[in-house]
Amino acid sequence: MTDKTADKTDYRATLNLPDTPFPMRGDLPRREPGWVKEWEDKGLYKTLRAARCNHEKFVLHDGPPYANGQIHMGHAVNKILKDMIVKARQLKGLDAAYIPGWDCHGLPIENAIEKKHGRNLPRDEMQAKSRAYATEQIGLQMADFKRLGVLGDWDHPYRTMDFVNEAEEIRAFKRVIERGFVYRGLKPVYWCFDCGSSLAEFEIEYADKKSQTLDVGFKAAEPDKVLGAFGLEGKSTDEDIFAVIWTTTAWTIPANQALNLNPQIIYALVETERGRLILAESLVEKCMERYGLKGKVLATVEGEALGGLNFQHPLYDVDAGYRRLSPVYLADYATADDGTGIVHSSPAYGLDDFNSCVSHGLAYDDILNPVQGNGSYAPDFPLFGGLNIWKAVPTIIDTLKGAGRLFATETISHSYPHCWRHKTPVIYRAAAQWFIRMDEGVGVFTKDKAPDTLRNMALAAIEETSFYPENGQARLRDMIAGRPDWCISRQRSWGVPLPFFLHKDTHDLHPKTMEILDLAADMVQAGGIEAWSKASPEEILAKVGAAVDAASYNKSTDILEVWFDSGTTHTTVLKHSHPGSAHDSGPEADLYLEGHDQHRGWFHSSLLTACAMYGRAPYRGLLTHGFTVDAQGRKMSKSLGNGIDPQEINKKLGAEITRLWVAASDYSGDIAGDDKILARVVDAYRRIRNTLRFLLANVSDFDPAKDAVPFADMLEIDRYAMSRAAQFQAEVLAHFEVYEFHPVVAKLQVYCSEDLGAFYLDILKDRLYTTAPKSLARRSAQTALWNITHAMLRWMAPFLSFTAEEAWKIFGDSESIFLETYAEIGAPDPALMEKWTRIRVAREMVNKEIEALREAGKVGSSLQANVELTVPMAEHGELWEALASLGDDLKFVFITSVMRIAAGDTMAVKVTPSEAAKCDRCWHWRDDVGIDPAHPTLCGRCTSNLFGAGEERKFA
């Protein structure tokens, strides 16, 4: 070692190097559970509520997840979105309570109990076991939701099975009755054999199903009348005449009771080697090809002329049980689009068939309904008794073929209704059910009749509702416009009872039904639905002074379908959970938020019940998000093995990464996720965290009460940084206002990397590290950084909740970042923004030239470069003025040791390596290095900053 090297001083200790306990690595999987526990132990949610007491309310009503099974990523997306929105509104200063809830009644829980304990459990036992099971499932799901960083009133969630909610649901049902919307009717409803119950319209989804098509002949019972209708009086009746139908539901043929023809379609009588066939004229050629026959049209006539003709059931000659006639009923729903133009009618198994037959005088008691709730024909049903309807199809086909009535059959794949839960085919099946009517009609016990139909009120309410995204409005409107009456009764045990007594002979409701409803609600509020189930008819009727009627009335065992449970939480829950949020005509939420499938589910049932009760929607806004899918766009599912498990992500990466992934995704469509996508999210998180760490580290010795510089006295670039932050905050809050997060995440990444990292912070390092600790230059920079940090923590808190809270413990002066409101950082200065936007464009141009020199090995860093920027005054006078105004501070903005501007004809950049010496402390290449003999390796500005008055900075 030479003497010169030995004497060299290490000036590192003289720099204001950043320092913070905020670690570079988040170590999220290990540390996040501690934050969750601390929030819970300290009762943070209660503190939040106290902090916003008497503030304007924001009500996001939680759509209840079903209390069955471990949460999946779809649950995580939903709960995180809700949490982000509530936190964003809390930071806005609103009283944004979040009351989590669970849907607890219904078939899936009954199925789980039956799988474990067997079928046909007594009603009381099924209810007890279901309640215990739901309670257990809620506990498991709640722990997972908390782990995601969701803040809410976890000590007081709502559950649809809470006694008070069950009771309030009965009271809500009573209100719907009073408004004239409830009636009992025999009508075909969707029926699931796996559920053993009817289904609502929004519990149906469509999927492809393979079916056998059948062309079946119905022999004319009065051939002479048929010939007469075709104008062929006197023609020989020796040949059989068949009305040929086409169907995809072979299992309905045995229950046929009529034929439907369109009065305006032209039908032909066709002579063939298998008899004379009645077919739609436009379909004759296709039918002949399908049957392998040659045909000659004898005559044609409009369908109107064929009404009232009688035909024999296809199995008329096979079994005495089918020796009945099928009359022709004229109906517009028979078309000539495909098939034969003739529809066979089994009124128990089709809504159009039912309406047609009933309107033509068929009595309810005469409707054949042989298919039982389990999917099998009744044991005594002729020929097919006891057979499952799907398995019976080959037997039916063979029987028709043997009877000479089958003209053609083939296998097709077509869209068919399936159970939403079981994914199995459903059927229409006539059953005596309770309905909520959509259109005009007379209700039972009407007391306060609604001023309009339910359909009209619901459609009007949709127009008054804000939708996010907007296309949700058309989707919900179309569903309401075309939906049938709502079947609200189910034949199960685990649910809120339909507390009715029906006369054993007439099936009429007991005259004291409204009193019974009040009594039922009181009983359930005291002891749950079990209290009603266990009470005998004698006991109940005695309490309303009608004990004598017990022998004449049956106590209904039906329950309200589960969508009525969750659909009425706007009244059963909101008026208790959000006091003070009630509209004049009932509670109202600012927002309902669920997956887009809930247009047919919770949004739908909530809208109908609220309109039935109050005449308006229960929400001001509806927000929908897409499903979670893999990178190929396939819906995540266990069967495909393409899902990402929130519990595993928590253990591996941390819930913060899941939160950032959700926030960064455009939830208006499906949300794609896999390991590669999450890896990119991790990179984004690191960039944001590193920026935050830099900010925290450089204000560690800053006390705003003593050190803050008034805005007017701050250096210009610091004022620009504040102005840019104010501009950015306005953008962020505008996005938050309409529940958008992915633009905020995208812009925040750009803000951290471009506005801060690549520009402001890059320029600031020299001033922060090399100027005197308490100098105006450094304190001005710290004032800006302190304000930006305050703002940034609030921007990220809704989605990066753990990280923002962690940083706040170091930086803030209150218990939690969520107790704060958005930072007051002034308004953007347009002139300043315009000036520095021009400077930044010029800086990027210069940096490209310096980078080219660096890659060529001619300079080691931008500080070794001397730069001359030529600016054409005529074209870019404003840029010249902006650059010239910075004076000697210009070099700090471009991070060069020398920076000059010159006038010229074209924009040009000249970069040359510096021939000056490099300062050991600030690393600038300057001619005045060694100006102080006591410090021969320091430049003049460093000796001044260390031992003198300090350099003067005005702009940068």
(message) Go through it in stages, so that I can follow the logic: the residues are Glu731 and Val744, the test is side chain to side chain contact (heavy atoms under 4.5 Å, CB included), and I'd like the CA-CA distance, side-chain angles, deciding distance and then a yes or no.
(response) CA-CA 8 Å; Glu731 294 176 20; Val744 174; over 6 Å; no
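- Looking at Glu851 and Lys848, no side-chain N of the basic residue comes within less than 4.0 Å of a carboxylate O on the acidic one, giving no salt bridge.
- Side-chain contact of Lys82 with Asn78: a donor-acceptor pair under 3.5 Å is present, judged by distance alone.
- Of the residues Thr628, Ile80, Ile649, the one that meets the side chain to side chain contact (heavy atoms under 4.5 Å, CB included) test with Trp661 is Thr628.
- Asn698 places a side-chain N or O within 3.5 Å of a backbone atom of Phe694 that can act as its donor or acceptor partner.
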(request) Determine, step by step, whether Met796 and Leu692 satisfy the side chain to side chain contact (heavy atoms under 4.5 Å, CB included) criterion, reporting the C-alpha distance in whole Å, the side-chain angles of both residues, the deciding distance to 0.1 Å, and the verdict. (result) CA-CA 10 Å; Met796 37 185 294; Leu692 182 57; 3.9 Å; yes
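- Inspection of the Trp35 and Glu805 side chains reveals no N or O donor paired with an N or O acceptor under 3.5 Å.
- For Ser668 and Tyr468, the side-chain atoms include no donor-acceptor pair closer than 3.5 Å.
- Between Phe759 and Ile717 the shortest side-chain heavy-atom distance falls below 4.5 Å.
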(message) The test is side chain to side chain donor-acceptor pair (under 3.5 Å); show your working for Asp194 and Thr424 and say whether it passes.
(response) CA-CA 8 Å; Asp194 292 290; Thr424 52; 2.8 Å; yes
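- Between Gly826 and Ala726 the shortest heavy-atom distance is O-CB, 3.4 Å.
- Judged purely by atom type and a 3.5 angstrom limit, Arg689 uses its side chain to pair as donor or acceptor with the backbone of Pro23.
- There is no side-chain donor-acceptor pair under 3.5 Å between Thr821 and Lys92.
- A salt bridge between Lys652 and Glu648 is absent, with no side-chain N of the basic residue lying under 4.0 Å from a carboxylate O of the acidic one.
- Across Ile109 and Ala67, no two heavy atoms sit closer than the pair CD1-O, 3.7 Å.
- Donor-acceptor pairing under 3.5 Å is lacking for the side chains of Gln782 and Arg767.
- Annotation: cation-pi geometry not satisfied between Arg724 and Tyr720 (NZ/CZ under 6.0 angstrom from ring centroid, within 45° of ring axis).
- Taking the side chain as every heavy atom from C-beta outward, Arg89 and Asp590 never approach each other to under 4.5 Å.
- For Asp27 and Arg31, the salt-bridge test fails: no basic side-chain N is under 4.0 Å from an acidic carboxylate O.
- Remark: side-chain polar atoms of Asn165 are paired, donor with acceptor, to backbone N or O of Arg159 under 3.5 angstrom.
- Asp755 has a carboxylate O that lies under 4.0 Å from a charged side-chain N of Arg840, or vice versa, which qualifies the two as a salt bridge.
- In terms of modelled atom types and a separation under 3.5 Å, the side chain of Ser723 and the main chain of Met833 share no donor-acceptor contact.
- Between Tyr667 and Tyr739, the ring centre distance reaches or exceeds 6.0 Å.
- Under the 3.5 Å distance criterion, the side-chain polar atoms of Asp153 are left unmatched by any main-chain donor or acceptor of Ala97.
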(request) Report the C-alpha distance between Cys752 and Arg687 in whole Å, list the side-chain angles of each, state the deciding distance to 0.1 Å, and finish with yes or no for side chain to side chain contact (heavy atoms under 4.5 Å, CB included). (result) CA-CA 7 Å; Cys752 287; Arg687 286 195 294 272; 5.8 Å; no
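- Donor-acceptor pairing under 3.5 Å is lacking for the side chains of Ser606 and Trp563.
- Contact record, His570 with Tyr592: CB-OH, 3.4 Å, taken as the closest heavy-atom pair.
- Taking the side chain as every heavy atom from C-beta outward, Gln90 and Arg49 approach each other to under 4.5 Å.
- Side-chain atoms of Asp670 and His625 include no donor-acceptor pair closer than 3.5 Å.
- Trp795 and Phe728 have their aromatic ring centers within a separation under 6.0 angstrom.
- Side-chain contact of Arg854 with Ser861: a donor-acceptor pair under 3.5 Å is absent, judged by distance alone.
- Counting only distance, with no hydrogens or angles, the side chain of Gln137 and the backbone of Gly69 share a donor-acceptor pair below 3.5 Å.
- Of the possible donor and acceptor atoms, one in the side chain of Glu656 sits under 3.5 Å from a partner among the backbone N and O of Phe802.
- For the residue pair Met73 and Asp645, the shortest heavy atom distance occurs at CE-C, 4.1 Å.
- A donor-acceptor pair shorter than 3.5 Å cannot be found between the side chains of Asp62 and Tyr158.
- A donor-acceptor pair under 3.5 Å is formed between the side chain of Asn16 and the backbone N or O of Leu768.
- Using bins of under 30°, 30° to 60° and over 60° for the plane-to-plane angle, the ring pair Trp154/Tyr98 lands in the perpendicular bin.
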(message) Does Tyr133 form a side chain to side chain donor-acceptor pair (under 3.5 Å) with Asn68? I'd like the steps, not just the answer.
(response) CA-CA 8 Å; Tyr133 177 83; Asn68 183 31; 2.5 Å; yes
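- Ring geometry for Trp602 against His61 counts as tilted: the plane angle lies between 30° and 60°, on a 0 to 90° scale.
- Summarising the geometry of Lys87 relative to Gly149, their closest heavy-atom pair is NZ-O, 2.9 Å, with the distance given to 0.1 Å.
- One finds a salt bridge joining Asp701 and Arg778 here, because a Lys/Arg side-chain nitrogen approaches an Asp/Glu carboxylate oxygen to under 4.0 Å.
- The two residues Ile788 and Ala725 have their closest heavy-atom pair at CG1-CB, 4.0 Å.
- Of the N and O atoms on the side chains of Asp718 and Tyr760, at least one donor lies less than 3.5 Å from an acceptor on the other residue.
- Looking only at distances, no side-chain donor or acceptor of Arg620 sits under 3.5 Å from a matching main-chain atom of Thr465.
- If you look at Phe627 and His596, their ring centroids are closer than 6.0 Å.
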(message) Using the rule given for side chain to side chain contact (heavy atoms under 4.5 Å, CB included), can you reason through Ile85 versus Phe58, listing the C-alpha separation, both sets of side-chain angles and the distance that settles it, and then say yes or no?
(response) CA-CA 10 Å; Ile85 288 172; Phe58 173 80; 3.9 Å; yes
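- Side-chain contact annotation: Glu820 with Ser814, donor-acceptor N/O pair under 3.5 Å present.
- Two rings, from Phe811 and His790, have their centers less than 6.0 Å apart.
- Distance alone, capped at 3.5 Å, places no donor-acceptor pair between the Glu32 side chain and the Asn650 backbone.
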